[in-house]
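Here is the structure we will look at.
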Amino acid sequence: MCDDDHGNGLNRRALIVTGATAALTLGSVTFASGAATPASGAQETRTVRGTLPTGSPDYVYVPVEVPTGVDEIKVAYTYDKPSVPAGTQGNALDIGIFDQRGTDLGGRGFRGWSGGARTEFFLRVDDATPGYLPGPVHAGTWHVALGPYTVSPQGLSYELTITLTYGEPGVAPRPVYPPERAKGRGRAWYRGDCHLHSWYSDGRRTPAEIAGLARAAGLDFINSSDHNTPSSHPHWAPEASDDLLIMLGEEITTRNGHVVALGTEPGTFVDWRYRARDNRFGRFAREIRRAGGLVVPAHPHATCIGCAWKFGFGEADAVEVWNGPYTPDDEIALASWDATLVASVRENREKGENPGWLPAMGNSDAHRDPDAIGLPQTVVLAEDLTREAIQDGIRAGHSYVAESKNLSLTFAASCGRAQHAGIGERLRVDADTPVTVRLEVAGAPRCTVRFVTDQGVLFTSGPLPVGGAGVVEWGTTAAYAAYVRAELRHETAAGTVPGALAAFTNPIFLGEAKR
């Protein structure tokens, strides 16, 4: 299955199955040994070749015995990409590395991951390839981690080249992180994009480029979410300013779906090496919360391999319903999310309690040009422009999602002058009390308004004026509509989906519930 390069005089390695999750550990790659450490600047290289068959484990670990006196470790790799019939998976091989602290789940030894975005990487105490963490190269058993994302019927043949450089280590830089507060406007609506990728994973933009585009998109806050690595965290500090709050996080990219850790403590790493069948997600969701973050499943109905969400929503704080330009999988996600609102209403009626419900978000998932940052964006009612206040607003569902800074809205339900409720709130009224739902819109030319309830779409307006502004009102009762949320949709001809979304709100609940 996997052989060493015999030109290096290495022996064929044994295969060892490890852990509850599908993983494979190979025999060790060794370097110089003995009392004499090679001279400073000296290098040693080993080359490893092997073939992984279809059905290989999710992760294959190649142990590397690192001797003392090493200043830098560098790894390069290649693999074959044979032609395959239409509809058949080809080869894709991810890569990362763990240091002498080991590969145990939880990532104590984690030192970096680039997935399939790079063909080589290096680490030393004062610097590392984007996606990897600078730090000492201590002696011991390191592990190159291979992730056979897909394997063709012919198998996947790979070659690893591992180079050690000897010398005195440099000085470790002291990380500086962005502040948790920006200059806000007090209690106000703030616009953000919480799912973004830089060149610290598979994106092609620098933090500076992302921050500039975020400002141009009218955003007040963003959240870093590179795949399976916190390596970008110290590099965001220069981009934070009074007009842009930068939160730190990670997109945990498992084989059964992706989840955004939103606003964790700087340097937080969350492991991704498990599937739904392993019953491990709850542990890491709690880890995200202990680190001060929110748990937000991303693009739950995406069609890419391993992207569809299979862990359930019991541990989620919110869900990303709209991801990037509006497509059919977003339409499915929107309908599925609406079904969770119906379930929360049922739970309220059965238990006589306030319903637990899952707020929705929208983010761009932007990686590179022409991906538009801020398409879409989540607009959050928060007490101020701070990490905690933004998270509180998202968690409470005091938010709506818009396709751009040009679109804004106000949505409320009222009963007379004294009683009213906004997005994410409950209007406490008797079942038959008349309720007026009112939506004020700006920046939505020729869009139609839909009011969606637990019965479905109960009201659809005519097109708004070309100027994009308008007010739409609708009368109902709590007996007729347990909740109401608003959708703004483009004319049928616009976008990749007929009647594609321009904006949508989280719901307003109607009726009594125990306090």
Side-chain angles (χ1 to χ4, degrees), residues 189 191 218 301 320-342 359-364 372 374-379 381 397-414 420-424 427 434-477 480-510:
W189 291 92
R191 295 176 178 266
H301 292 274
E320 185 183 79
V321 167
W322 183 354
N323 175 278
Y326 200 73
T327 56
D329 59 276
D330 297 306
E331 188 77 13
I332 295 169
L334 182 67
S336 297
W337 167 68
D338 187 81
T340 70
L341 302 179
V342 176
M361 295 185 68
N363 301 300
S364 71
L375 171 61
Q377 51 195 248
T378 300
V379 190
L381 179 61
H398 296 159
S399 59
Y400 65 90
V401 179
E403 64 182 357
S404 78
K405 65 180 179 181
N406 299 322
L407 197 154
S408 60
L409 58 83
T410 302
F411 185 50
S414 62
H420 60 87
I423 299 171
L427 182 66
V435 172
T436 299
V437 177
R438 177 183 173 91
L439 180 72
E440 298 181 36
V441 184
R446 300 293 299 169
C447 288
T448 58
V449 173
R450 297 182 187 180
F451 291 140
V452 186
T453 76
D454 53 314
Q455 294 191 61
V457 178
L458 292 186
F459 174 85
T460 302
S461 76
L464 293 172
V466 174
V471 176
V472 179
E473 290 189 346
W474 178 60
T476 188
T477 64
Y480 192 49
Y483 65 83
V484 184
R485 60 180 183 83
E487 294 180 358
L488 282 84
R489 290 184 176 260
H490 289 288
E491 295 178 281
T492 301
T496 58
V497 178
L501 274 184
F504 76 93
T505 73
N506 276 300
I508 301 171
F509 290 91
L510 307 179

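Side-chain atoms are counted along with the backbone in the values below, which use heavy atoms only and exclude waters and symmetry mates.
With rounding to the nearest 0.5 angstrom, the CE atom of Met361 is 14.0 Å from the OH atom of Tyr400. Glu440 CD to Glu473 CD: the interatomic distance, rounded to the nearest 0.5 Å, is 8.5 Å. For the atom pair CZ of Arg450 and CZ of Phe504, the computed distance is 13.5 Å after rounding to the nearest 0.5 Å. Taken to the nearest 0.5 Å, the CZ atom of Arg446 stands 13.5 Å off from the CG atom of Leu488. In this structure, Trp322 CH2 and Leu501 CG are separated by 5.0 Å, a value rounded to the nearest 0.5 Å. Distance check, rounded to the nearest 0.5 Å: OG1 of Thr378 to CD of Glu320 gives 8.0 Å.
Closest approach of Ala503 and Ala402 over heavy atoms only: CB-CA, 4.1 Å. Contact between Leu334 and Arg485 at its shortest, heavy atoms only, is CD1-NH1, 4.1 Å. Nearest heavy atom pair, residue Ala444 against residue Leu407, reads CB-CD1, 3.9 Å. For Arg489 against Gly499, the heavy-atom pair with the smallest separation is NH1-O, 2.8 Å. Minimum heavy-atom separation, Ser399 to Asn506: OG-ND2, 2.9 Å. Minimum heavy-atom separation, Ala481 to Thr453: CB-CG2, 3.7 Å.
Residues Glu331 and Tyr326 have side chains that bring a donor and an acceptor to within less than 3.5 angstrom of each other. When only modelled atom types and interatomic distance are considered, Tyr483 and Asp338 share a side-chain donor-acceptor pair under 3.5 Å.
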Evaluation steps, side-chain contact (heavy atoms from CB on, under 4.5 Å), between Val437 and Ile508: CA-CA 9 Å; Val437 177; Ile508 301 171; 5.7 Å; no
Leu381 vs Ile423, side-chain contact (heavy atoms from CB on, under 4.5 Å): CA-CA, chis, key distance, verdict: CA-CA 9 Å; Leu381 179 61; Ile423 299 171; over 6 Å; no
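Between the side chain of Trp337 and the main chain of Ala339, no donor-acceptor pair closer than 3.5 Å is present. Without hydrogens or angle criteria, Arg438 side chain to Thr410 main chain gives no donor-acceptor distance under 3.5 Å.
No option in Thr448, Val452, Val449, Leu439 other than Val452 meets the side chain to side chain contact (heavy atoms under 4.5 Å, CB included) test with Glu487.
With a 4.5 Å cut-off on side-chain heavy atoms, Val472 and Phe459 count as touching. Looking at Val321 and Val401, their side chains never come closer than 4.5 Å, going by heavy atoms from C-beta outward.
The aromatic rings of Phe451 and Phe411 sit parallel, their planes meeting at an angle under 30°, below the 60° perpendicular limit.
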